[in-house]
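A short write-up of the structure that comes next.
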Amino acid sequence: MQSESLSLAPALTLFPRLKPPHKTLLFHQICVLVITFLAYASFHASRKPPSIVKSVLGPTVPSNATQVSNLSSNDVGWPPFNGTRGTHRLGELDLAFLASYSIGMYLAGHIGDRIDLRLFLVFGMMGSGLFTILFGLGYWLDVHVLGFFVGVQIVCGVFQSIGWPCVVAVVGNWLGESKRGLIMGVWNSHTSVGNIIGSVVASGVLEFGWGWSFVVPGILIILVGVLVFLFLVVNPEDMGFVRPGMDIEMSVEIDSAENIQKVESEEAKLIESDNSDSSSAIGFLEAWMLPGVAPFAFCLFFSKLVAYTFLYWLPFYIRHTAVAGEHLSHKTAGLLSTIFDIGGVLGGITAGFISDMIEARAITSILFLFLSIPALALYRHFGSLSMLINIMLMFLSGFLVNGPYSLITTAVAADLGTQSSNDRNSRALATVTAIIDGTGSVGAALGPLLAGYISTRGWNSVFFMLILSIFFAGLFLVRVARTELREKLSGK
């Protein structure tokens with residue numbers, strides 16, 4: 001364990017009245033949820049700019065220029081992304097970020113189970129902010145070298161990968177299993193809220209130069225990182241609380257152990273603490289073998305492929321697809337794409353609520369996945385008829401696509417990381433979370449890359465890829481859903 005001087009947030013030392021008995025467990029649980037919500041929302045806000053500026057950097061002018069409104073100097077593109085292979089280069093840029101993100105996710109979870117999560121999270125936020133700003137500086141430095149942008153995205157992806165295992169592990173430490181699906185469904189709306197904030201901010205400053213679309217979100221995540229450093233408390237034990245969900249016998253054992261340690265030497269304490277840390281952290285392969293981890297991880301591979309294709313290409317798609325016979329401006333396309341994320345907020349909350357109500361995560365996920373197949377088909381074929389139809393179908397698609405994605409990355413990961421077969425070892429949370437979301441991030445890296453290449457054949461091909469991916473995502477959960485169904489029918 002880390003010493004109290006390292007693990008306790010500085011603000012709690014400066015303001016003692018934030019500690020118990022002045023503040024209750026519920027107060028600190030709410031604080032942790034709010035702080036981690038803001039932290040990961042800022043991660044996603046700083047991740048959104050590439051999708052917003054994609055239509056500015058790439059070959060953006062539609063072939064039928066007479067239908068385009070609000071043409072500007074932005075429509076000439078930005079070398080090396082504005083050539084005939086511009087969409088390929090943009091897809092490769094997404095791959096550079098997401099590949100390093102997915103690889104870094106596995107390492108981040110492994111490290112996060114072994115060091116102070118607050119400091120590790122702040123490290124990731126500061127690095128993400130600095131390299132997001134560095135990407136934007138390419139505008140003023142007049143950089144046109146593909147290697148510069150790819151290199152920045154690779155390093156930024158590694159820093160971004162630190163965020164998710166950390167915030168899920170911290171929230172898992174503070175919350176018991178009761179209503180976890182609903183609470184984490186609401187909490188996980190930070191993903192969509194961050195996307196919305198990133199879209200609005202990046203679109204709002206786009207007219208001043210695409211560099212600002214990176215600099216402003218980069219500054220935002222750095223500022224939130226300062227907040228995290230000052231106020232985030234990783235474990236309830238650091239404040240003298242008993243971990244939620246811990247049974248009475250276990251808490252009594254902990255109290256007894258603490259009384260025994262008081263009569264031991266300081267050296268013996270340190271040796272015992274080191275041995276405890278090394279033994280409690282779960283191994284990477286051991287975590288893969290936990291029941292349910294592999295099926296949900298591979299389901300998330302395909303779910304996140306779809307979600308991140310929309311994240312990185314939806315504004316570009318809207319810009320290049322006439323709505324009611326008219327092509328929209330860069331700014332309008334970016335703002336309109338937030339409808340997908342607004343649907344995602346409600347979808348994540350609804351999926352969490354339903355899974356808590358029926359106590360079946362896999363069944364809930366399959367329901368959302370298979371309903372999203374006709375929703376995507378309808379959006380592709382009828383979304384261009386009018387602005388109202390486009391908004392309604394985009395909202396429905398976001399609602400259904402992000403529902404299972406949100407559920408798996410939060411409540412499911414927390415459930416699997418603290419399940420009884422692992423003796424409810426919370427130190428496995430970051431590792432299990434990293435495995436599930438890391439595997440999903442491999443799909444997230446593949447989706448935008450494929451979209452960049454397949455889109456040259458037409459958007460029908462892209463949507464076919466997305467629908468096929470959703471189908472495979474559902475297949476991976478069929479066996480788990482059957483198990484849940486049998487348990488329900490048997491009355492367990």
Side-chain angles (χ1 to χ4, degrees), residues 181-182 184-185 188-189 191-192 195 292-311 313-314 340-381 383 392-416 436-448 450-451 462-486 488:
L182 175 59
M184 297 195 82
N188 193 57
S189 63
T191 299
S192 297
N195 290 340
V293 170
F296 277 106
F298 289 120
C299 171
L300 190 62
F301 173 93
F302 289 102
S303 297
K304 208 166 180 180
L305 184 154
V306 176
Y308 268 65
T309 300
F310 275 100
L311 173 66
W313 284 96
L314 184 56
F340 183 87
D341 292 301
I342 293 173
V345 171
L346 296 180
I349 295 172
T350 304
F353 175 77
I354 294 175
S355 71
D356 275 344
M357 185 173 61
I358 67 176
E359 297 181 342
R361 312 290 196 205
I363 293 175
T364 304
S365 298
I366 285 181
L367 175 65
F368 273 72
L369 286 168
F370 287 154
L371 286 177
S372 65
I373 291 177
L376 291 184
L378 289 172
Y379 176 63
R380 170 55 188 158
H381 290 289
M392 292 175 59
L393 293 177
M394 192 191 309
F395 177 90
L396 179 62
S397 297
F399 181 91
L400 294 171
V401 168
N402 282 355
Y405 163 44
S406 169
L407 183 63
I408 294 171
T409 54
T410 52
V412 169
D415 289 347
L416 297 177
I436 292 177
D437 203 54
T439 303
S441 296
V442 176
L446 185 61
L450 291 177
V462 175
F463 273 82
F464 177 77
M465 175 196 73
L466 299 178
I467 291 173
L468 191 63
S469 298
I470 290 175
F471 176 75
F472 281 120
L475 286 184
F476 275 104
L477 292 186
V478 168
R479 180 172 295 182
V480 182
R482 287 171 57 188
T483 301
E484 290 180 347
L485 187 59
R486 283 198 299 266
K488 292 297 176 186

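Remember, it's a predicted structure, so these values are computed and weren't measured experimentally.
- To the nearest 0.5 Å, atoms CG (L311) and NZ (K304) are separated by 10.0 Å.
- Closest approach of L300 and Y405 over heavy atoms only: CD1-CD1, 3.7 Å.
- The side-chain heavy atoms of F301 and F476, taken from C-beta on, include no pair separated by under 4.5 Å.
- Salt-bridge annotation for R361 and E484: absent, with no side-chain N of the basic residue lying under 4.0 Å from a carboxylate O of the acidic one.
- For M465, the CE atom is densely surrounded, since the number of other residues' heavy atoms within 6.0 Å is greater than 12.
- Across all their heavy atoms, S372 and L400 have their closest contact at CB-CB, 3.6 Å.
- Taking both residues in full, the closest heavy atoms of G447 and L305 are given as CA-CG, 3.6 Å, listed atom of the first, atom of the second, then distance.
- Atoms OG and CG, from S189 and D341 in turn, are 11.0 Å apart once rounded to the nearest 0.5 Å.
- Although no hydrogens or angles enter the test, the distance criterion places no donor-acceptor pair under 3.5 Å between the side chain of W313 and the main chain of A451.
- For the atom pair CG (L314) and CG (N195), the distance works out to 10.5 Å, reported to the nearest 0.5 Å.
- At distances below 3.5 Å, not a single donor-acceptor pair connects side-chain atoms of T350 with backbone N or O atoms of G347.
- Between N402 and F340 there is a side-chain heavy-atom pair separated by less than 4.5 Å.
- Atoms OG1 and CG, from T364 and L477 in turn, are 10.5 Å apart once rounded to the nearest 0.5 Å.
- Between I342 and S192, the closest side-chain pair of non-hydrogen atoms is not below 4.5 Å.
- Between F471 and F370, the angle of the ring planes lies from 30° to 60°, which puts this pair in the tilted group.
- Nearest heavy atoms, Y308 versus P448: O-CG, 3.7 Å.
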Subject >> Residue pair L346, F395: steps toward the side-chain contact (heavy atoms from CB on, under 4.5 Å) verdict >> reply: CA-CA 10 Å; L346 296 180; F395 177 90; 3.5 Å; yes
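- The six-membered or imidazole ring of F298 lies away from that of F472, with a centre-to-centre distance of 6.0 Å or more.
- Considering every non-hydrogen atom in both I366 and A481, the closest pair reads CD1-CB, 3.6 Å.
- The minimum heavy-atom distance linking S303 with L369 is given by the pair OG-CD2, 3.7 Å.
- Rounding to the nearest 0.5 Å places CD1 of I436 at 8.0 Å from CZ of F296.
- Side chains of T191 and N188 form a contact here, defined as non-hydrogen atoms less than 4.5 Å apart.
- For the atom pair CG of L378 and CD1 of I373, the computed distance is 12.0 Å after rounding to the nearest 0.5 Å.
- You'll find the side chain of L466 reaches within 4.5 Å of the side chain of F310, heavy atoms only.
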